[in-house]
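For the numbers below, each heavy atom of this structure counts, side chains included, while hydrogens, waters and symmetry mates do not.
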Amino acid sequence: MTEQNIPTHPTALSSLAEHVAASGAWWHESALDQPNAMALPPRVLHRLDKAGILTVEQLRAAGPHKLRNLDGIGKLAFDQIIELLRALDRQANGGDS
């Protein structure tokens, strides 16, 4: 892992997809055809925001039990959150996002 992959400040969930898109080759055809794992749907972001989870660090710290018990976070939303965290891990380990 390189130093540039380690955030120096909390990473806002709402700006994560925008940050990743700005630093990658989002304009490639293959990238445009695939859903962005770094972007949580607005509905999920709203539910996390209401629970006080605003950053990636807070999301990781919440853990699966707390996330599954949040109002409005069902199986699909939980799976989307897990995919986001896995994509972040792949990116931090030098893999494709």
Exercise. Are any non-hydrogen side-chain atoms of I53 and R47 less than 4.5 angstrom apart?
Worked result: no
Seminar exercise, completed: Across all chains, not counting sequence neighbours, the side chain to side chain contact (heavy atoms under 4.5 Å, CB included) partners of L54 are D49, Q58
Seminar exercise, completed: side-chain hydrogen bond (donor to acceptor under 3.5 Å, both in side chains) pairs touching residues 68-79, sequence neighbours excluded, are H65-N69, K75-D79
Exercise. Does L48 belong to the same Ile/Leu/Val/Met/Phe/Trp/Tyr cluster as L85, with side-chain heavy atoms less than 4.5 Å apart forming each link?
Worked result: yes
Exercise. Quick one: side chain to side chain contact (heavy atoms under 4.5 Å, CB included) partners of A77, sequence neighbours excluded?
Worked result: R43, V44, I73, Q80
For this session: State, with a plain yes or no, whether a side-chain heavy atom of I82 is found less than 4.5 Å away from one of L67.
Result: no
Problem set entry | Under the side chain to side chain contact (heavy atoms under 4.5 Å, CB included) test, residues paired with L45 that sit two or more places apart | L13, L40
Exercise. Distance from N93 atom CG to D89 atom CG, nearest 0.5 Å?
Worked result: 6.5 Å
For this session: Please round to the nearest 0.5 Å and tell me the distance separating atom CD1 of I81 and atom CZ of R60.
Result: 13.0 Å
